[in-house]
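One structure is given here, and the rest of the page talks about it.
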Amino acid sequence: MTNRLSWFIIFWLIAVFAFLYAPIISVVVYSFNASKLVTVWGGWSVKWYGALANDRQIIDAAILSLEIAAISSTLATILGTIAGYVLVRFPKFLGRTAFSGMVSAPLVMPEVITGLSMLLLFISMEQLIGWPQGRGFTTVIIAHVTFTLSYVAVVMRSRFLVLDLSLEEAAQDLGARPLKVFFVITLPIVLPAIISGWLLGFTISLDDLVISSFTNGPGTSTLPMVVFSKVRLGLDPKINALATIIIAIVAIGVIIATVHIRRLERQRQRDEQMAMRAIAAQA
Amino acid sequence: MAAVEKTTKQPQNKHVSAPWNDPKAEPYIRIENVTKKFGEFVAVNNVSLNIYRGELFSLLGGSGCGKTTLLRMLAGFEVPTAGKIYIDGVDMAGIPPYDRPTNMMFQSYALFPHMTVEQNVSFGLKQDKYPDSEIKQRVAHMLEMVQLMPFAKRKPHQLSGGQRQRVALARSLVKQPKLLLLDEPLGALDKKLREATQFELMNIQDRLGITFIVVTHDQEEAMTLSTRIGVMNEGQIVQTGTPQEIYEYPQSKFVADFIGSVNLFEGQIIEDEQDHVLIRSDEAGGDIYIDHGISSAPGARAWVAIRPEKIRLTKQDLNEPHNCLSGVVKGIAYMGNLSIYLVQLDSGKQIKVTMPNQVRAAEFMIDWDDRVTITWHANSPVALLS
């Protein structure tokens, strides 16, 4: 009975892992394909990585995407943190319900609609006040801030919800003014959440295709847009190489984070044991 | 600093001096007709209270009685809907928490998790821009006092519950506030640690001469710690007094019942003279004679409160005209130092009697279902009109 059950579990385990990772593995394998035809195996080779390094279009797009992601997620983190804080710590102000709804609206809005409305906004703004002139880097940044801000605000809101209010009260009680309390007590304590909010925003911005397509201009094609346009013209093995590099970076990042978290956890356990021993010694 | 000097010059013995009985004494903290409403809910209802310098005053009450709200108004986290609060003669209206001469020890301790013990304790002094050398010296002194010197570089999560509590105490004391507010200071500690900490708190308070206001729901804690206790119920202070006064002379059924355990008999006043009062109680099944008057109208409804330890239990038939009832033992709880007897009176009422186990229990043969007589001294019960 137990034997049959465990075979059943192993079968599902394999099935689920295959479902999740088979596409990724096939991309990695095909990136080392010597053949120019993506679907035909022509032996092992790393030539597409060399070709990728010489493809200015992809390299430029990658740098542009990283720049956009870094700038927009930084701005979104600042605004989103303030929004999350206000939503938790200020129970009453005019238009609170509307604000709380609007902050999370882009989360549920189809991207096509967000992109289209941003485009219409930029066009009518240009007609009315002459800014922004045309579409490009600035408009893509603004659009990305708008929708990544929601993600950051949601992360920060839930962090502030569980933050013990008495910490801030204690700081005030000890003589710190509210602004100082925010910077010296509140911010350092929620810093991990701010970092994960920033990373979330960065990833989402880096990944975005639809909203960027609506709001970009000539010369500001982001990486997803370049990849997408190349794929439409037929599969390019360089894209496989690019995907493999991205997967490798992500995997290394995850591994480092896991190891680091484990080490912190072990450190914490050691500290606790030390505290327990100290008590025992005192008693 | 001034507070410390004063107490060293004229050492006070808090059991002898009782400024609250001296009409000329100037209260240090004055709470005048303070009310706090949250929407329709009245959390604190027209409370007036005088607290004197060097007192350790406890606000005692169940959850939701308004004691914490009152404390938070003193600290400045809540603004009174009506009424005034004076600390050392200064009206606190409009003064934010960071400008008040008070410090608070929070129930959750509220230690800053990203700072070491030392940084936590020095935080308050840094806000006041003291020179570094003085901060260092005062923090070291404080850590020495709470015996946390070896832990100065630790973070709060590296400490045990009792150590965290001492950090919180050190942090709130280091600025030498005029008034220290403590919100359930011993709530999170286990029983043994609590008892040790209680005495430590009293010691520190004695040495520094800082006025303490403690909020607690634990009557035992309030009894051991306090110079005086204010018992709160539904936003009001129902009685203020020393622990002895509160325990021995409760003024209402609520206080009698809330502090310690008590037997209550409902009855009717049939005699009320200067030197005694006689109450006929059908609930008790007899007359109760108390050796002090309560100045009420004869015929009025009254309650008699008697503490279980003030009742004597015997198997002899005493046959006194009053303060003498008979019944059957329905239960015995042996507690080691004392035993609790549940006695069902002939009237049907069940009462609690505690007797110290002066000799080994076997020699004092009162057993289940024995017929017993219960009696007490005429000055033991208290007559209550509400």
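Note: hydrogens, waters and symmetry copies are ignored here, and every other heavy atom, side chains too, is used. We name chains A, B, ... by the order of the sequence lines, and we start the count at 1 in each one.
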If you define the side chain from C-beta out and look only at heavy atoms, does anything of [X] sit under 4.5 Å from [Y]?
X        : Y        : answer
A:Lys180 : B:Gln127 : yes
B:Lys175 : A:Asp173 : no
B:Phe123 : A:Ile185 : yes

Any donor and acceptor pair, going by atom type alone, linking the side chain of B:His114 with main-chain N or O of A:Val184 inside 3.5 Å?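 Between the backbone of A:Val184 and the side chain of B:His114 there is a qualifying donor-acceptor contact (under 3.5 Å).
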OG1 on A:Thr186 to CZ on B:Phe112, rounded to 0.5 Å: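 One gets 9.5 Å once the value is rounded to the nearest 0.5 Å.
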If you draw a 6.0 Å radius around [atom1] in [X], do more than 12 non-hydrogen atoms from other residues or ligands fall strictly inside?
X        : atom1 : answer
A:Phe17  : CZ    : no
A:Gln267 : CD    : yes
B:Met149 : CE    : yes
B:Arg72  : CZ    : yes
B:Phe199 : CZ    : no
B:Asp128 : CG    : yes

Correct closest heavy-atom pair for B:Phe106 and A:Glu169 would be CE2-OE1, 3.6 Å
For residues A:Ser166 and B:Ala110, report the shortest heavy-atom separation together with the two atoms involved. O-CB, 3.5 Å
Which region of [X], side chain (C-beta onward) or backbone (N, CA, C, O), has a non-hydrogen atom less than 4.5 Å from a non-hydrogen atom of chain A, or is it both or neither?
X        : answer
B:Met115 : side chain
B:Leu111 : backbone
B:Arg171 : both

